[in-house]
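So the structure is just underneath, and the comments pick up after that.
Each ligand, and each atom within it, is numbered from 1 in the order the structure gives. Counting begins at 1 with the first residue of the sequence.
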Amino acid sequence: MGRKQKSKQGVPPTLEEVRGAGKKPEMKAEKKRKPAEETAALQPRKKQISQEKKSLFEESESEPENDDVEAASDEFEQADEFSEVEDDDDAAEAQDEFVQDGEDKEESEEDSVFDSDEESRAKPMFSDDSGDEDDLEVANLEAMSRKIDEEAEKEEMEAEEELHTNIHPTAPAILPPTVDGGMVDGQPISAFTQDLSQIQLRIQEINRVLNDFKNLCEPGRSRAEYVDQLLNDISVYYGYSKFLAEKLFELFPVSEAIEFFEANELPRPVTIRTNTLKTQRRELAQALINRGVNLEPIGKWSKVGLQVFESQVPIGATPEYLAGHYMLQAASSFLPVMALAPQPSERILDMSSAPGGKVTYVAALQKNTGVIFANDANKARTKALSANIHRLGVRNAIVCNYDGRKFPNDVLGGFDRVLLDAPCSGTGVIYKDQSVKTNKSERDFDTLSHLQRQLLLSAIDSVNADSKTGGYIVYSTCSITVDEDEAVIQYALKKRPNVKLVSTGLEFGREGFVRYREKRFHPSLKLTRRYYPHVHNIDGFFVAKLKKMSDKIPQTTDGADEAEEEHEDAEEESVNASSENDNLTFNDEADKAIIEENRRKWLKSKGYKVSKKN
Ligand SMILES: C[S@@+](CC[C@H](N)C(=O)[O-])C[C@H]1O[C@@H](n2cnc3c(N)ncnc32)[C@H](O)[C@@H]1O
């Protein structure tokens, strides 16, 4: 059960709209307090216009591909089931690389929507183009924008009215009565309430109470009771397993967590990347506008991206698409490549590259010079990869099909740069694959994190530290869990003291965690970048950039097998951060307790019987 995802495509409405007629006043108020950093990378539309639109992607209606990776080992096979979630653009492209594209096919019949950013709409920024920028036809956008502004204003007034009728000045009995500790048959009483609108209201009420607990809590109730009820409600209302709801909830302050869950119910903007090997953005924009596509640049941060608002033609089958003038690609997908900053003539490895959204961008930035090894462990997916490489006119790529862990020893090394866009759980793209809400267990995250760590070590070892122009590794995932992001980097920093984190060079994004619950990471983890759908209006994403300082790996272990040590390393990393981290001090007693508790949890998760805590 849970709230159904809206079947719409295009730019999602603002969260205020999502919340519906102002039913969430606290969240609204909080939004206003957000710092400038939090402004969306892609501006959300103010209002979805209820004009029926012919399918933007009607030729891209197939489901994402679910090919199994040809695996060398059981573990690899298991890890690979996650590769289906992968990246924004890939699944659809894997389906039919020539005709189809489009990420959210089931959402193709959607209402048109408009951007609230008056400035960017009035004067599109085609920063890579020469010539007269005003040539683009934006009048249609302006007219529609005026209309949505009026409607948005009206809705806001209605929202205010509803707010006053729905919300009590203080919070009376929101939680269910305490009968037998508030539980019936081991479940919170509230679990028996299946009325989604009631649950939604309670989510808002609990949010409000938790934001002003001292004044609004019911006497005798603890914060933990409210949080527990909230988690239960979130899991029912949005349809998550309790396990995942909790895992994601813990990443944010309460109000923001709710915004995150809301954002996962809506699609992200449809974006395309200009293939500069074949055309320029301005020319492409003009050609598509002439075909009835309503678009504009995605923002100043990209010189090649266009956001598509609506289209009279299937955007995955225009002559320009077929001629390889653009790639249908989520905006978040641009970021790892921008961080990699490939240079002409370099030798580059894209370790897990299918279906090629990023590798073709790398080739474009290299202007088809140098050489790129476009690898992927999934042979079936390399077909789509090759097809995209051909369609986009990439001539400097060699497609290969190895387990990334075979680099460099059994395949090749000495690269100037390596991109590892790792297989992941896809918690950043839940709107696109709702099954993630329920099909991931703790063991899945352990398995993935293990594979990601191994791949990252291989990626590091494949780089030539003495490269004149490079020596860089970029690690990215479309997942926002700490296990798959900071913890993986922390592990690599420990195992490969010959690398260090450097700035991604990306101009927006939140800093990576340095502390997360009981974990302490190296302070340089703040150089990594996190992206969230509710903040940046792009897929949830993580990007880290490492510089290899030396080809020699200082010995940190006694040669024992790394895989076997992994759990201990993970334990250690949670409290030790790193020996290089001189700024942090630790309380030995507290650390001991944490280590012991983590060990108990881990043993339990592996199915061992664990004795009760002392
Ligand atoms: C996030 S997707 C990559 C998307 C791609 N970078 C793009 O931009 O189109 C992750 C990829 O990792 C591949 N993969 C999974 N396990 C792998 C392994 N052990 N070695 C190399 N690739 C692997 C999957 O087949 C999948 O294509």
Q. Any N or O on Leu451 sitting closer than 3.5 Å to an N or O of ligand 1?
A. no
Q. Is the NZ or CZ atom of Lys437 both under 6.0 Å from the centre of the six-membered ring of Tyr238 and within 45° of that ring's axis?
A. no
Q) Counting both backbone and side chain atoms, is some N or O of Asp376 under 3.5 Å from an N or O of ligand 1? A) yes
Q | Subset of ligand 1 atoms that lie under 4.0 Å from at least one heavy atom of Asn378 | A | 25 (O)
Q. With sequence neighbours left out, what residues match Asp466 under salt bridge (Lys or Arg N to Asp or Glu O under 4.0 Å)?
A. none
Q: Run the numbers for me: atoms of ligand 1, each under 4.0 Å from some heavy atom of Met351, listed by number.
A: 21 (C), 22 (N)
Q | Asp446 side chain near His450 side chain, heavy-atom distance below 4.5 Å | A | no
Q | Charged tip of Arg529 within 45° of Phe542 ring normal and under 6.0 Å | A | no
Q. Just checking, Lys519 and Phe513: is the charged tip under 6.0 Å from the six-membered ring centre and within 45° of the axis?
A. no
**Q.** side-chain contact (heavy atoms from CB on, under 4.5 Å) partner of Tyr326, the single match among Leu288, Asn275, Thr274, Thr279
**A.** Leu288
Q. Of all the atoms in ligand 1, which lie at a distance below 4.0 Å from a heavy atom belonging to Ala422?
A. 1 (C)
**Q.** Atoms in ligand 1 with a heavy atom of Asp403 nearer than 4.0 Å
**A.** 18 (C), 19 (N), 20 (N)
Q: Give the atoms of ligand 1, by number and element, whose distance to some non-hydrogen atom of Gly356 is under 4.0 Å.
A: 7 (C), 9 (O)
Q) Is NZ or CZ of Arg417 both nearer than 6.0 Å to the six-membered ring centre of Tyr472 and within 45° of the ring axis? A) no
Q | Polar proximity ligand 1 side, Leu455 side, N/O cut 3.5 Å exclusive | A | no
Q.
For Tyr321, is there any backbone N or O sitting under 3.5 Å from a side-chain donor or acceptor partner on Arg391?
A. yes
Q.
Only heavy atoms of Asp421, strictly under 4.0 Å: list the atoms of ligand 1 that pass.
A. 1 (C), 3 (C), 4 (C), 5 (C), 6 (N), 8 (O), 10 (C)
(Q) With a 4.0 Å cut-off on heavy atoms, is Pro336 in contact with ligand 1? (A) no
Q) With a 4.0 Å heavy-atom cut-off (strictly under), which part of Ser352 contacts ligand 1: side chain, backbone, both or neither? A) both
